[in-house]
Amino acid sequence: MSNMRTINFTLNGQEVSADIEPHRNLVELLQRFDLFGARESCGQGLCGCCTVLVDGKAVSGCLYFAVWVDGKSVTTVESLDAEGVLSIVQQAFIECGAFQCGFCTPGFVLMVHQLLKEHPSPSDDDIRHYLSGNLCRCAAYPEIIEAVKVAARRA
Ligand code: FES
Ligand code: FES
């Protein structure tokens, strides 16, 4: 007997549906749609590499069951350059060299977009507090903070 569940949700503005096993997480669901920006690293809700927005709120895709998005709106980092043009935040990350290996970058970028919505002119403390759930193992933090400030000036 199949234990697949059918779920319907909005993915980056498009109505979609999927058949998925109840134990799969949101990162695995997104991979089925060829979306690999949210990636699993720690698998414990500690690093932010798997950050996805569900109904506008950041969740850890590694800990969030895929079936929970049924009826909800999911936004991934891929939505930010949907027209083939980098967002202000993405451009600032590149210009400031705010990454080394880049593994953490999609999670940071998505969170910075949220940060600037809530704090258009963030202080250093605002930035550190808001991004405290995102870890960069390459320790590119000074450049990340600079990128946030550059993006904030242009937003
Ligand atoms: S992989 Fe989800 S928080 Fe680290
Ligand atoms: S750039 Fe390597 S983990 Fe952040």
Side-chain angles (χ1 to χ4, degrees), residues 5 7 9-12 16 18 20-82 85-119 122-155:
R5 301 266 184 88
I7 56 175
F9 60 105
T10 303
L11 178 56
N12 294 335
V16 297
I20 189 127
E21 303 90 341
H23 65 280
R24 300 291 180 191
N25 67 28
L26 182 50
V27 172
E28 294 173 298
L29 174 63
L30 294 173
Q31 289 171 351
R32 297 188 184 187
F33 288 89
D34 292 329
L35 298 175
F36 298 95
R39 62 280 299 269
E40 193 159 332
S41 181
C42 71
Q44 299 179 350
L46 299 173
C47 73
C49 287
C50 60
T51 300
V52 179
L53 303 181
V54 176
D55 285 347
K57 296 227 163 58
V59 304
S60 295
C62 66
L63 297 181
Y64 199 95
F65 283 120
V67 292
W68 289 349
V69 303
D70 192 24
K72 295 183 176 159
S73 176
V74 175
T75 304
T76 71
V77 70
E78 285 86 354
S79 69
L80 301 180
D81 63 348
V85 178
L86 294 178
S87 70
I88 287 171
V89 174
Q90 289 170 315
Q91 190 63 43
F93 266 62
I94 291 170
E95 289 177 21
C96 296
F99 50 82
Q100 289 184 43
C101 76
F103 202 81
C104 68
T105 308
F108 269 102
V109 166
L110 202 50
M111 286 303 288
V112 172
H113 273 269
Q114 291 303 97
L115 163 66
L116 295 180
K117 277 187 193 164
E118 292 181 25
H119 302 279
S123 65
D124 281 17
D125 281 350
D126 290 334
I127 297 169
R128 288 198 179 93
H129 179 73
Y130 206 95
L131 300 181
S132 60
N134 292 72
L135 303 182
C136 175
R137 290 167 177 80
C138 300
Y141 297 109
E143 292 82 5
I144 290 169
I145 290 174
E146 183 57 27
V148 175
K149 291 178 178 174
V150 168
R153 286 198 291 271
R154 293 174 180 170

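All ligand and atom numbering here is 1-based and tracks the order in the structure. All of these numbers come straight from a predicted model, not from anything done at the bench.
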Interatomic distance, Leu30 atom CG to Phe36 atom CZ [nearest 0.5 angstrom]: 9.5 Å
For the atoms SG of Cys42 and SG of Cys47, give the angle they form at atom 4 (Fe) of ligand 1, rounded to 10 degrees. 110°
Which of the atoms in ligand 2, numbered in the order shown and given with their element, are less than 4.0 Å from a heavy-atom of Gly102? 1 (S), 2 (Fe)
Any side-chain heavy atom of Asn25 within less than 4.5 Å of one from Leu63? no
Using a 4.5 Å cut-off on heavy atoms from C-beta on, say whether the side chain of Thr105 contacts that of Gln90. no
Looking at [X], which atoms of ligand 1 are within less than 4.0 Å of one of its heavy atoms?
| X | result |
| --- | --- |
| Ser41 | 1 (S) |
| Gly45 | 3 (S) |
| Cys62 | 1 (S), 2 (Fe), 3 (S) |
| Leu46 | 3 (S) |
| Gly48 | 3 (S), 4 (Fe) |

closest protein heavy atom to atom 3 (S) of ligand 2 is Arg137 N, 3.2 Å
Among all protein heavy atoms, pick the one closest to atom 1 (S) of ligand 2 and tell me residue, atom and distance. Gln100 N, 3.1 Å
Contact between ligand 2 and Ala140 is defined here as a heavy atom of the residue under 4.0 Å from a ligand atom; is it met? no
Can you check whether Cys138's main-chain N or O pairs, donor with acceptor, with Gln100's side chain at less than 3.5 Å? yes
Arg24: which residues meet the side-chain hydrogen bond (donor to acceptor under 3.5 Å, both in side chains) condition with it, sequence neighbours left out? Glu21, Glu28
Parallel, tilted or perpendicular: ring planes of Phe108 versus Phe93, cut at 30 and 60 degrees: tilted
Regarding Cys104, does it place an N, O or S atom less than 2.8 Å from atom 2 (Fe) of ligand 2? no
Flag Cys138 as yes if one of its N/O/S atoms falls below 2.8 Å of atom 2 (Fe) of ligand 2, otherwise no. yes
Are Thr75 and Asn12 close enough, and set up right, to give a side chain to side chain donor-acceptor pair (under 3.5 Å), and what steps lead you there? CA-CA 5 Å; Thr75 304; Asn12 294 335; 4.7 Å; no
Closer than 4.0 angstrom, basic N to acidic O: yes or no for Arg5 and Asp70? no
